[in-house]
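To keep things clear, I will list the structure first and then write my remarks on it.
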Amino acid sequence: MTPEPVLVLVPGASGAPQDGSAPFHIAEEGAPQLLVTDLAVTRGDGVFETIGVFDGAPVNVGPHLARLNRSAGLVDLPELDLDTLSAAVDAAIDAHDPVPELTVRVIVTRGIEGTGAPTAWVHARVAADWSRYRDGMKVVTLDRGLASTVVDTSPWLLPGAKTLSYAVNMAATREAVRRGAEDVLFVSTDGYALEGPTSTLLVRHGDVFTTTPVSAGVLPGTSVATIFAALEKEGLSTREELLRPAQVVESDGAWLLSSSRLAAPLTHLDEQPIPVDAQLSRRFVDLLSGRA
């Protein structure tokens with residue numbers, strides 16, 4: 001039987017609650033908690049992060065919460081109390097039954113329309129089985145509809161913010177399935193490989209490992225930062241650089257990295273084969289799960 005999810009409500013996500021109540025508390029996960037007038041419901045107006053927990057140990061909590069605060073700033077939400085959110089994450093993990101892999105999602109919305117007070121919660125549940133993706137997956141390229149210069153030209157489009165407005169990302173994933181693939185690599189209108197709907201691109205050419213620069217409007221990857229730190233300790237080269245899809249195909253390996261799925265090697269991009277280094281992929285999975 002699958003353990004029950006855990007819900008922690010965080011009224012103190014952006015400062016102590018005005019009514020003097022606790023900054024967070026465990027709530028009944030199956031009971032109604034969110035008002036239909038919350039802007040998360042009516043407009044998808046909010047930000048979130050997903051933290052992987054492996055054998056009870058969360059990975060990259062600090063970087064995830066820092067990125068959450070960055071996203072909050074980009075959408076003009078109040079500064080977040082990261083200490084409170086970190087404690088709420090710990091409370092959710094502690095309250096959940098022990099499992100090998102847990103997914104913890106931290107969500108902050110603009111709150112109930114007209115109040116100006118954010119709504120926030122932490123939700124912990126058993127992670128999906130990502131094992132087949134970690135063995136390799138077919139990926140298709142899809143046009144994102146934005147140029148790689150979008151950060152400079154159109155910051156109001158919120159490039160690089162992890163918002164709750166995920167309808168386009170999910171539609172892209174469904175399109176990949178319709179085309180016989182498992183995931184998507186978004187491409188800019190000026191022809192550069194960007195990121196996946198829920199993941200960061202990593203490409204290997206010999207001893208050089210490359211990811212897409214944040215200046216192109218992608219989310220700053222917490223997972224790729226972990227991988228880069230390990231590679232640099234070994235004297236290998238890491239860099240941020242724009243690559244075209246053809247350069248990804250011609251590489252010595254490519255991965256889409258995320259906090260739950262971890263390292264998923266690309267076996268094909270638009271039906272063109274890419275070499276898979278199974279041993280290196282397993283090492284990346286160990287690094288990203290904190291088991292290395």
Side-chain angles (χ1 to χ4, degrees), residues 5 7 10 13 33-52 60 63-77 80 85 89 103-111 113 118-128 130 133 137 139-146 150-151 154-179 181-189 193-201 212 214 216-224 256-262 264:
L7 174 66
V10 194
Q33 302 289 351
L34 191 67
L35 289 174
V36 295
T37 51
D38 194 288
L39 288 164
V41 177
T42 59
R43 295 188 179 179
D45 193 354
V47 296
F48 78 101
E49 282 290 326
T50 302
I51 298 168
N60 283 335
H64 276 292
L65 294 182
R67 191 170 68 177
L68 181 74
N69 202 34
R70 175 183 181 273
S71 294
L74 289 172
V75 301
D76 297 321
L77 283 172
L80 300 179
L85 287 168
V89 168
T103 294
V104 176
R105 188 158 291 157
V106 185
I107 296 176
V108 181
T109 85
R110 202 170 300 280
E113 192 165 2
T119 302
W121 66 91
V122 176
H123 189 252
R125 60 180 176 81
V126 176
W130 297 110
Y133 293 90
M137 61 182 185
V139 174
V140 295
T141 57
L142 291 179
D143 181 9
R144 193 173 206 169
L146 301 172
V150 65
V151 171
S154 311
W156 54 88
L157 295 177
L158 303 179
K162 194 174 179 72
T163 75
L164 293 175
S165 302
Y166 251 49
V168 170
N169 286 3
M170 297 301 96
T173 303
R174 293 192 295 273
E175 179 62 22
V177 173
R178 282 191 286 268
R179 298 187 185 197
E182 285 82 36
D183 208 346
V184 171
L185 177 60
F186 281 127
V187 177
S188 66
T189 54
L194 296 174
E195 61 186 347
T198 62
S199 55
T200 302
L201 177 66
T212 310
V214 173
V218 301
L219 196 68
T222 60
S223 295
V224 77
L256 289 178
L257 309 177
S258 62
S259 298
S260 293
R261 194 171 59 188
L262 304 179

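All of these numbers come straight from a predicted model, not from anything done at the bench. This chain uses plain numbering: 1 for the first residue, then up along the sequence. When reading the values below, keep in mind they use all heavy atoms of this one structure, side chains included, and skip hydrogens, waters and symmetry mates.
- To the nearest 0.5 angstrom, Arg144 atom CZ is 6.5 Å from Asn169 atom CG.
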Under 3.5 Å, sequence neighbours excluded: what are the donor-acceptor pairs made by side chains of residues 70-77?
residue	atom	partner	partner atom	Å
Arg70	NH1	Gly160	O	2.7
Ser71	OG	Arg67	O	3.2
Ser71	OG	Lys162	N	3.0

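- Distance check, rounded to the nearest 0.5 Å: CG of Asp143 to CZ of Phe186 gives 9.5 Å.
- No donor-acceptor distance shorter than 3.5 angstrom exists from the side chain of Ser154 to the backbone of Trp156, with no hydrogens or angles considered.
- Paired with Arg110 under the rule side chain to side chain donor-acceptor pair (under 3.5 Å), one option of Thr119, Asp45, Asp38, Thr42 passes, and it is Asp45.
- With values rounded to the nearest 0.5 angstrom, Arg43 atom CZ is found 14.5 Å from Thr163 atom OG1.
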Open item on the list: Please determine whether side-chain contact (heavy atoms from CB on, under 4.5 Å) holds for the pair Leu262 and Tyr133, giving the CA-CA distance in whole Å, both sets of side-chain angles, and the decisive distance to 0.1 Å.
Closed with: CA-CA 9 Å; Leu262 304 179; Tyr133 293 90; over 6 Å; no
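- Residues satisfying the salt bridge (Lys or Arg N to Asp or Glu O under 4.0 Å) test with Glu175, not counting sequence neighbours, are Arg178, Arg179.
- Note that NE2 of His123 is 14.0 Å distant from CZ of Phe48, once rounded to the nearest 0.5 Å.
- To the nearest 0.5 Å, atoms CD (Glu49) and OG1 (Thr222) are separated by 6.5 Å.
- With values rounded to the nearest 0.5 angstrom, Ser223 atom OG is found 6.5 Å from Asn60 atom CG.
- A donor-acceptor pair under 3.5 Å links the side-chain atoms of Thr212 to the main chain of Leu194, judged by distance alone.
- Remark: side-chain polar atoms of Thr109 are not paired, donor with acceptor, to backbone N or O of Gly46 under 3.5 angstrom.
- Looking at Thr50 and Arg105, their side chains do bring a donor and an acceptor atom within 3.5 Å of each other.
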